[in-house]
Trainee: 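I have a structure here, written as C-alpha cells, and I will follow up with some questions on it.
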Amino acid sequence: MRATLSLRSTAGQATRTVEDLDPDPKNGTFFVRYSSTYPFKSHNVNALEREDPELQTCQHQCRHQERFDEREQRECEQRCEEYHKEKQWRQREREDEEEEEEEEQYEYNPYLFDEESWKTTIDEEEGRVRVLERFTKKSKLLRGIDNFRVSIYEANPRTFSVPNHWDAESVSFVTRGYGTISLVKHDNRETFNIKRGDILRIPAGTIVYLVNKDNHEKLQIIDFVHAFSVPGHFETFFGPGGEGNPESFFRAFNIEILTAAFSVCREKVERLFGQTKMGVFLRASEKQIRELTKHASSSEGGLWLFGGGNKSSGAFNLFDKKPSISNNYGKLHEVKPHEFKDLPKLDVGVSFVNISRGAMAGPYFNTRAVKVAVVVQGKGFFEMACPHEHQEGQWQREKESGPHYHKVRGNMSPGVVFVTLPGHPVVVVASNDENLQVVVFKINSEHNERIPVAGNENVIQQLEKEAKELSFGLPEKEVDEVFNNQRESYFFPGPHQRQRHGGGRASA
Amino acid sequence: MRATLSLRSTAGQATRTVEDLDPDPKNGTFFVRYSSTYPFKSHNVNALEREDPELQTCQHQCRHQERFDEREQRECEQRCEEYHKEKQWRQREREDEEEEEEEEQYEYNPYLFDEESWKTTIDEEEGRVRVLERFTKKSKLLRGIDNFRVSIYEANPRTFSVPNHWDAESVSFVTRGYGTISLVKHDNRETFNIKRGDILRIPAGTIVYLVNKDNHEKLQIIDFVHAFSVPGHFETFFGPGGEGNPESFFRAFNIEILTAAFSVCREKVERLFGQTKMGVFLRASEKQIRELTKHASSSEGGLWLFGGGNKSSGAFNLFDKKPSISNNYGKLHEVKPHEFKDLPKLDVGVSFVNISRGAMAGPYFNTRAVKVAVVVQGKGFFEMACPHEHQEGQWQREKESGPHYHKVRGNMSPGVVFVTLPGHPVVVVASNDENLQVVVFKINSEHNERIPVAGNENVIQQLEKEAKELSFGLPEKEVDEVFNNQRESYFFPGPHQRQRHGGGRASA
Amino acid sequence: MRATLSLRSTAGQATRTVEDLDPDPKNGTFFVRYSSTYPFKSHNVNALEREDPELQTCQHQCRHQERFDEREQRECEQRCEEYHKEKQWRQREREDEEEEEEEEQYEYNPYLFDEESWKTTIDEEEGRVRVLERFTKKSKLLRGIDNFRVSIYEANPRTFSVPNHWDAESVSFVTRGYGTISLVKHDNRETFNIKRGDILRIPAGTIVYLVNKDNHEKLQIIDFVHAFSVPGHFETFFGPGGEGNPESFFRAFNIEILTAAFSVCREKVERLFGQTKMGVFLRASEKQIRELTKHASSSEGGLWLFGGGNKSSGAFNLFDKKPSISNNYGKLHEVKPHEFKDLPKLDVGVSFVNISRGAMAGPYFNTRAVKVAVVVQGKGFFEMACPHEHQEGQWQREKESGPHYHKVRGNMSPGVVFVTLPGHPVVVVASNDENLQVVVFKINSEHNERIPVAGNENVIQQLEKEAKELSFGLPEKEVDEVFNNQRESYFFPGPHQRQRHGGGRASA
C-alpha cells in the first residue's frame, strides 16, 4: 500500500486517516470515501489543479505499477484524478466552512424566526399569548407577506379566557389539547368543540372566548393572522375587563358617554369596569366548564363546519382528511382555500407535515405559495437554495454574473418559524430522535403546486432524452441513474438513516 | 353631618363643595355624585390606597357611630370605601386631564382631518374644488387606505363646469343642490339629474361635466377617489381650455402634432387652445342650462341606474332607500358595494348618518370596514378606543404589557373628516344645537358588520351566564343591569339629553 | 409692402425672413405662417401686450393706409394683432425651448427606459438574457407597477437553452424567429411551436426550455414578468448545471442530503453536478433539434391553446386575430385578459402596434390601463401630457394653482421601453424611414378603454352644442372645424407626411 501512504504524506494538512482509504479488494488499489457531512460545494479538476504535485505523484505511481496492464493503469490514473478532485473539494469546503462561520457572525438567516423573534403579549399564571415579530423585521425579502402575522395561544387546564376581538382575520390551528371556542357575532353565538388538528377560520371582529376543558393538558392554538386593518399590525380588544389585565376598551370612553349609552347610573358602570388584575386566563369551576361547553358543536366524524350556511364558521379536523402523501418516512395532511366556503377570500391553505425520525421531506419547490411553517414537535433542520443576496445593495452584482444559489440552513425545534419562498427548492430533515411535526400556512395557495426535484415523481424525469443530455452534458443513462433511483415520493429516508441502514453510498 | 364635614377637610385639594355630597334621606348618611364630565379613567381601592388617612378616618367614624347597628356600620364603611374610590378616580382623572392637555400640545389626533388638511385646487368666483391631504400625512396607521382620497366640488347656482377626466375612479355623493352630470365615454354620452342624496360611481377616464341648474342653491358633491394609477395621487385632465385656468392638455403637444392629428391648419388649433382665464366654473344662460339639462335621466322613483346594462353608470338616491336603522335619535341610510353592478370591483360602500341633536351613535365597531366620514352639517364630537401608540417606536412597549386603549377624541363640524379603523369601538355625539349629518365611505365594505357594544342588540348579551360572570367577575345580574337597560339600538339619547330629561343617572 | 418691412425691423430678435410673410393676393396685405416646428405653448394678446410698440406701429399703419376703407382697416388691425400674438408665441416658445434644454440637463424622462436601463444577466456566445431595471428606479410615479418587470431572451439559430424555472409568472411575446418551448410541470410536459406574434403565459414555477430550430434567424422573446414572490424581484432557478454557468440549485444542498434524496452514491451526484462552464445556451445538432421539436403542438390556424383544459398552457398567435384598428397609417392587434382562461388571474393584456412610416397614433388616453411598451423595430418619438411634477416635493405647488401639463417627450428605437399612465393623453409618431413596431403590455387591462381625443371618433364630438360653446368659449362651428375634420381613427398621417403631401395647413 505504498501508494496510500505517499498520498497521505503529500496531502499534508488533511486530517484523513488510513481508514478513509478504502482498499478495493478486486484490484488491490484504493478509492476514497468520506464519512463527514461537509457541505456540497465547488470543484472539478481543471488545468491548473492537474499540476498539483500530489496528483502528479499519484499518477506517476500508477504508470509505474509493474503489475498493471494498460487498462488497469488508466483506471488507476483515473482514480488518482477522482481522489484529487475530492481532495480539492474538501479543501474548498473547509474554506467555505470557515467562511460560513465568519458569515454566521454577521449575516443572519432571513427565513428563520427563533425564540428571540417571539414577544409575549399576555403572560399570566394560567396562560399566555405570544406574537411573532413582523416578517420584514428579518428581511425585506419577506415584504410580500408582511401583512401576515403569527401568534400562539396557550391556556392551562380548566381555564376560561376572557372574550375579545381582533381587528384582523385569522386561520387557526389547534396543536394541543381539548377545548371549546365560542364565536360571538352581532346576532348569534356559536360554540364548537376543538381538539388537536382542528382548523378554524375566525373573521375579523368576531368576539371569541375559549375554554380549556381538559383536566391535565394545555390547550395550544397557532393563529395565522391577516392584519389588513393597519397593514402588518393587529390588536386585541377586550370588552370585559377593568383598569388593567385586561383593560376594558369601554374605559377609553368618557363616563358620561357610557352612562348614556347603557342608560344606567354611573355607579353601575364604574362597578363593572372598575376592577383590577382579574386576568385574561381564569380558572373555571367544574360546573362553569360544564355549562360553558355543554352546547358545543363538534367537528367529529368529518363534519365540515366551515361556511355551512351564512351563519356558521367553525372547525374541522385536518386529521379526518386522508393524507395527500403518506409513506414510511412521513405524512402530509392539507386543506386548500377553496375548501373554506362563504367567507371573505383569504387565499391561505393549511397543512400538517409529520416527518418520521431520521427521514426528510424534499427537495421540492412550491410554484406560487409562500409557506410559513411553525415547528410543533421534534427537531431537525432545513436547507433552501436561495439566489438572493441578503443585502439589497448586492442584488446588482448577482444580476450581472448569472444566478448563484447559496445554501440557507436553519435548525428547527418547537416554536421555530421558517418561511419558504416560491420557486426556491427546499428540504427538511428530521432528527434521529423523534418525528418532526410542522404546521404550515400557505399564502397564495389556490393555484400552488408542489414540484418535486427528487424522488419517484421528480420533474426532471419529464425531460426527453435530448433535453437531459444537452442539459446535463452526460448520457441519459447517467442522468437517469441519479434521478430514477429513488422509489419514494416527497418523504425519503434521511441522510443519517441511509448511513445506518447501509443505503445508497455503501451499496455503490 | 359630621362625617361629611370631616371628609371635606381631609380631602384637601379636592374642589368639591357641600352640594357634591348628597345626603341619603333614608338613613341619614351620604353618597357622592359628580356633575362634572371627567373622563372615565383608572381606579379601584387597592391595598396601598386603603391606608389613605381620609379613608381611615371615615371608616373609623362609621365604626364609632353610636346609633349604627352592625349592618349599618358595615354599610357605612362600604360607602366610605366607595367614596374613597371615587376620590381616587377624580384625582387620577385630574392628572390624566393635565396629561392630556400636555399631550394636545405635542400629539395630534391621527384620525381627524380638519380645515388645515384641505387644499383648494381650483378657486374661482363661481366654484371651487378642494382635495384632502393624503391619509398617511397624518399617520402611518392609515397606510391601508392611502390609495383613497377625498375631494369636494362646489359650484354656484346656474353654472357649468368644464369637461375633464381623472386618472382615478370615484364614488361620489351629492350633499347639496340640484344639477345634471354628463358622463362622456368613447361612444356615448349620458346625462343624469342629480340632487342631494344621489350617489354616483364615475369610472376612471370618464369625461365629466356638471350643470348647477338651480337658481339659488349651491351644488356640492363629495368625491371619494380611488387613486390606483399613481397610488395615492390623482390628477385632473382638461381637454377644453387654453393657456391656463384651465390649461388644456392639448397644449402639451407640439403644434405640428395637433395640426396633423386634427388635419386642420395651425391657426384653427391656436384659436381653440390659445385662450386665457376662461375659468373652470362658468355662468350659463337660462337657455344654455335648459338645453344642457333637457335630456337628463333621473333617479326619481327609486330608479337604480347603476350598472343597468353595460353602458350606463348613473346615480341613485340614497334617501329613496329605507333606512337600515331609524329611531328618535338618528337615522342610518346605507348602500353596499354589491348594489353597484357591472362595474370594476371597488369594495366601497356609502352611508349617510343623521344623528338627532343631543343624541349619539354607538359605541359600536366595524368588523372589516375602514370608514372615512365627512361631516356635512352640525357639530359634535367622536370618541374612539385606540390601542395603537401614535409613534411606531412605542408599539413594542405595548405588546409587552397587554393592550392599553387610549381615548381618541375629535371635534366635528362641517368639512371635518375622520377615520375609524375596524375593531376600534367608536361613539359619535351630536351637539345640542342641531342634527349632526355625516356622509360615510366604507372601504372593505362587502363583508363588514356593525357590532354594537351597547344598546338593545349589544353583543355582550350573547354571552351565557358563566361567560358573563367569569369575564366581569360579578354576578350575571349586575352585568345585565348595565348591558340590558338601554332599549334603543345604535342611536341613543346623548349624555346631555339624559341630564336634561332626567335620564339614567338621576333615576338611579 | 412698407408694412411688412417695418414689422421686420421692429421684430428685432426674430429670425424670420421675408418668406415668412405671405402676401395675400386678394387685398395686398399680409399674414404670417411658420414652417418651424416650435412646441405649442402659451399666448393671447392681453392688455399689457397691446402696448408693444411693434403692434402699435402696425396698427397705426393700418389706420393710415390711404386706400383702406373702414372694414379693410379693421381687418388690417386684426391681422396686426394676430401677427403680434404669434410673435409673442414664438418668443415664449423660444424661452420655453431654452428652458427645456436646461431641464434636459437636470431632469430626466420618468417614463422612458433606454439602453442604460437594461442589465445583461446571461451573456453567452449563443444567446443572452437582459432584464430591465425596476420601474421605480426611474420614478416613484411608477410605483403602481413596480411588481412587474421586463426581460428579453435572445437565442442564436440551432440552439437549446437549459431548463429553468422562475419564482414569478410571465406573459411572453415572441418578436422574432421560430422555435419550440417546452413547459414541464409536476405531471406532464408540453411542447409548442412558437413564432413571431405568439403570446405565451407561463405560470410561476413552470420549468421551461427552448429550442431555436431555425438555421438562420435568432429567436427573440419579450417576457413581461409579474414578480409577486419577492415583490418586484424575480429569480431564475436552474436544476441542471454545475459549478457555474449555469450553477445548479442542487449544489446549494449538502451532498449527504442529495445522496439521500436520490438514493444514489456520492460519486454519481458529483459527476452530474460537478461540471463547469457548460453554458445556458447550447448549440444542438440537427438530430437533437429534430427530436426535441417533433412532438410540438402548434398555434397555426387560430388554435387557441391558452387554458384549453386544466393541463395546457401554450401559445396563440396575435397576428391570427383580426386587428382591432387598421388603416393606411397603422394596425393594432390586441388580446385581452379574459381571453386567457383557467389561469390565475393576472390582469394583463398584450397588443402589437405597427405604425406606418411617417404616421402617428393618437392622441388618445387609456381609462384604466398602465401600458408598458417595448419598441421592437423602427424609430420615432412619443409625447405625453403629464400633470405630475417629477419631484414629489413639488406636487403641493401644483395643487394650489390648478393642473399644469408639461410635455414628456422621448425618442424611440428598438429596445426602448416607455410607460403611459391612465388618463394621460399620448401620441406616438413613427419616423419617415420605416414602420414603428411596438409590443405593449397592459396592466389593469380588463375594463380599460382607449379614449381618442382626436380623429373620427374623438370624444369631444360627444359634447352637445352648449357644452362645446361654453367649454371652448367659441361657436360650435369653430370647435367642430377642429374636431370633425380628421376622417381617420387612431392612426393618422404624421406631421411630416402632412407637410410632404400638402395636408392640413397648406390647404387651409
Side-chain angles (χ1 to χ4, degrees), chain A residues 37 39-40 42-44 141 143-144 360 363 365-368 370 383 385 387-388 399-400 402-407 421-425 427 429 447 449 451 453-455 457 459-460 462-464 466-467 470-474 478-479 481-483 485-486 492-495 498 503-505 508, chain C residues 119-122 131 160 162-163 165-167 182 184-186 188-189 203-207 209 228-231 233 235-240 243 245-247 249 251-269 271-272 274-276 278 282 284 288 291-292 344:
Chain A
T37 54
F40 181 61
S42 51
H43 13 64
N44 230 344
L141 286 174
R143 65 184 176 280
M360 64 193 248
F365 64 86
N366 293 294
T367 57
R368 293 186 59 84
V370 180
E383 287 187 6
H388 304 279
K399 288 293 184 202
E400 286 169 337
H404 163 67
Y405 314 98
H406 41 252
K407 182 199 304 181
L421 294 178
H424 294 53
V427 69
V429 182
H447 294 276
E449 284 185 60
I451 306 291
V453 294
E457 295 172 341
V459 75
I460 301 295
Q462 304 284 349
L463 304 188
E464 62 265 75
E466 291 74 19
L470 280 161
S471 300
F472 288 98
L474 288 174
E478 292 192 43
V479 177
E481 274 174 14
V482 170
F483 282 97
N485 205 44
Q486 177 60 270
F492 310 120
R498 290 188 68 250
R505 201 181 50 188
Chain C
K119 304 290 167 208
T120 301
T121 56
I122 297 174
V131 177
F160 169 86
V162 171
H165 69 269
W166 284 350
D167 58 349
S182 295
V184 183
K185 298 188 189 168
H186 187 154
N188 75 320
R189 181 187 79 229
T206 307
I207 292 166
Y209 52 98
F228 62 89
S229 164
V230 176
H233 292 277
E235 298 287 343
T236 306
F237 293 81
F238 289 94
E243 192 179 351
N245 197 27
E247 184 175 317
F249 61 70
R251 292 180 63 95
F253 295 106
N254 195 304
I255 181 94
E256 296 299 320
I257 295 287
L258 293 183
T259 54
F262 293 129
S263 187
V264 294
C265 66
R266 182 178 180 121
E267 287 72 21
K268 287 183 180 172
V269 175
R271 189 163 161 77
L272 209 55
Q275 304 168 71
T276 49
M278 203 171 55
L282 305 169
Q288 284 171 324
E291 291 297 319
L292 285 164

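The figures here come from the full heavy-atom set of this structure, side chains too, leaving out hydrogens, waters and symmetry mates. Chain A is the first sequence line, chain B the second, and so forth, proteins listed ahead of strands; every chain is numbered from 1.
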Trainee: For C:His233 versus A:Arg143, what's the shortest heavy-atom pair and its separation?
Mentor: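 Closest approach of C:His233 to A:Arg143, heavy atoms only: CD2-NH2, 3.3 Å.
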
Trainee: State, yes or no, whether a side-chain contact exists between C:Asp167 and A:His388 at a heavy-atom distance under 4.5 Å.
Mentor: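 Touching, per the 4.5 Å side-chain cut-off.
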
Trainee: Count the heavy-atom pairs under 4.5 Å between each of C:Val162, C:Asn245, C:Thr236 and chain A, then report the option with the highest count.
Mentor: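 So the answer, after comparing C:Val162, C:Asn245, C:Thr236, is C:Thr236.
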
Trainee: Non-hydrogen atoms of chain C under 4.5 Å away: do they reach the side chain of A:Phe365, the backbone, both or neither?
Mentor: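 A:Phe365 touches chain C through side-chain heavy atoms alone.
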
Trainee: Kindly give the heavy-atom pair with the smallest separation between C:Phe237 and A:Pro387, and that separation in Å.
Mentor: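 Smallest interatomic distance, heavy atoms only, reads CZ-CG, 3.5 Å.
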
Trainee: Any Lys/Arg nitrogen of C:Arg271 or A:Glu478 sitting under 4.0 Å from an Asp/Glu carboxylate oxygen of the other?
Mentor: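 Counted as a salt bridge, because a side-chain N and a carboxylate O are separated by less than 4.0 Å.
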
Trainee: Answer whether the closest heavy-atom distance between the side chains of A:Val479 and C:Leu272 falls below 4.5 Å.
Mentor: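 Side-chain contact under 4.5 Å: yes.
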
Trainee: Nearest 0.5 Å, please: how far is NE2 in C:His186 from CD in A:Glu449?
Mentor: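 Going from the CD atom of A:Glu449 to the NE2 atom of C:His186 covers 8.0 Å.
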
Trainee: If you define the side chain from C-beta out and look only at heavy atoms, does anything of A:Ser471 sit under 4.5 Å from C:Phe238?
Mentor: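 When only atoms from C-beta onward are counted, C:Phe238 and A:Ser471 do not touch, as no gap falls below 4.5 Å.
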
Trainee: Please check this pair: side chain of A:His404 against backbone of C:Glu247, looking for a donor-acceptor N/O pair closer than 3.5 Å.
Mentor: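 Not a single qualifying donor-acceptor pair exists.
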
Trainee: Relative to chain C, which of A:Ala467, A:Gly473, A:Gly455 shows the most heavy atom pairs under 4.5 Å?
Mentor: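 It is A:Ala467.
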
Trainee: Can you tell me if A:Glu383 uses its side chain to pair, donor with acceptor, with the backbone of C:Asn254 under 3.5 Å?
Mentor: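 Confirmed, A:Glu383 side chain pairs with C:Asn254 backbone.
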
Trainee: Against chain C, label A:Gln462 side chain, backbone, both or neither, depending on which of its atoms sit under 4.5 Å from a heavy atom there.
Mentor: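 Both backbone and side chain of A:Gln462 come within 4.5 Å of chain C.
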
Trainee: Can you tell me how far apart CE (C:Met278) and CG (A:Leu474) are? Round to the nearest 0.5 Å.
Mentor: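 The CG atom of A:Leu474 is 8.5 Å from CE of C:Met278, to the nearest 0.5 Å.
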
Trainee: Once you round to the nearest 0.5 Å, how far does CG of A:Leu421 lie from CD of C:Glu235?
Mentor: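 It comes to 10.0 Å.
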
Trainee: Side chain, backbone, both or neither: which part of A:Leu470 has an atom under 4.5 Å from a heavy atom of chain C?
Mentor: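 For A:Leu470, backbone and side chain are both near chain C.
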
Trainee: Is a side-chain N or O of A:Gln486 found less than 3.5 angstrom from the main chain of C:Ala261, in a donor-acceptor match?
Mentor: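 Yes, the answer is positive, given that a donor and an acceptor are paired below the 3.5 Å cut-off.
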
Trainee: Please classify the contact between C:Ile257 and chain A as side chain, backbone, both or neither, with a heavy-atom cut-off of under 4.5 Å.
Mentor: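 Both parts, backbone and side chain.
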
Trainee: Which bit of A:Val482 comes within less than 4.5 Å of chain C, counting heavy atoms only: side chain, backbone, both or neither?
Mentor: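 Its backbone and side chain both get close to chain C.
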
Trainee: I need the minimum non-hydrogen distance between C:Tyr209 and A:Leu463, along with the two atoms involved.
Mentor: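 Here C:Tyr209 and A:Leu463 meet closest at CE2-CD2, 3.2 Å.
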
Trainee: Name the member of C:Ser182, C:Ala204, C:Pro163 that forms the most heavy-atom pairs with chain A at distances under 4.5 Å.
Mentor: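 With the most close heavy-atom pairs to chain A, the winner is C:Ala204.
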
Trainee: When the ring planes of C:Phe249 and A:Tyr405 are compared, do they come out parallel, tilted or perpendicular, using 30° and 60° as the limits?
Mentor: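 Plane angle over 60°, so perpendicular.
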
Trainee: Taking all heavy atoms of C:Ala260 and all of A:Met360, pick out the closest pair and write down the distance.
Mentor: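 So the two residues come closest at CB-SD, 3.8 Å.
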
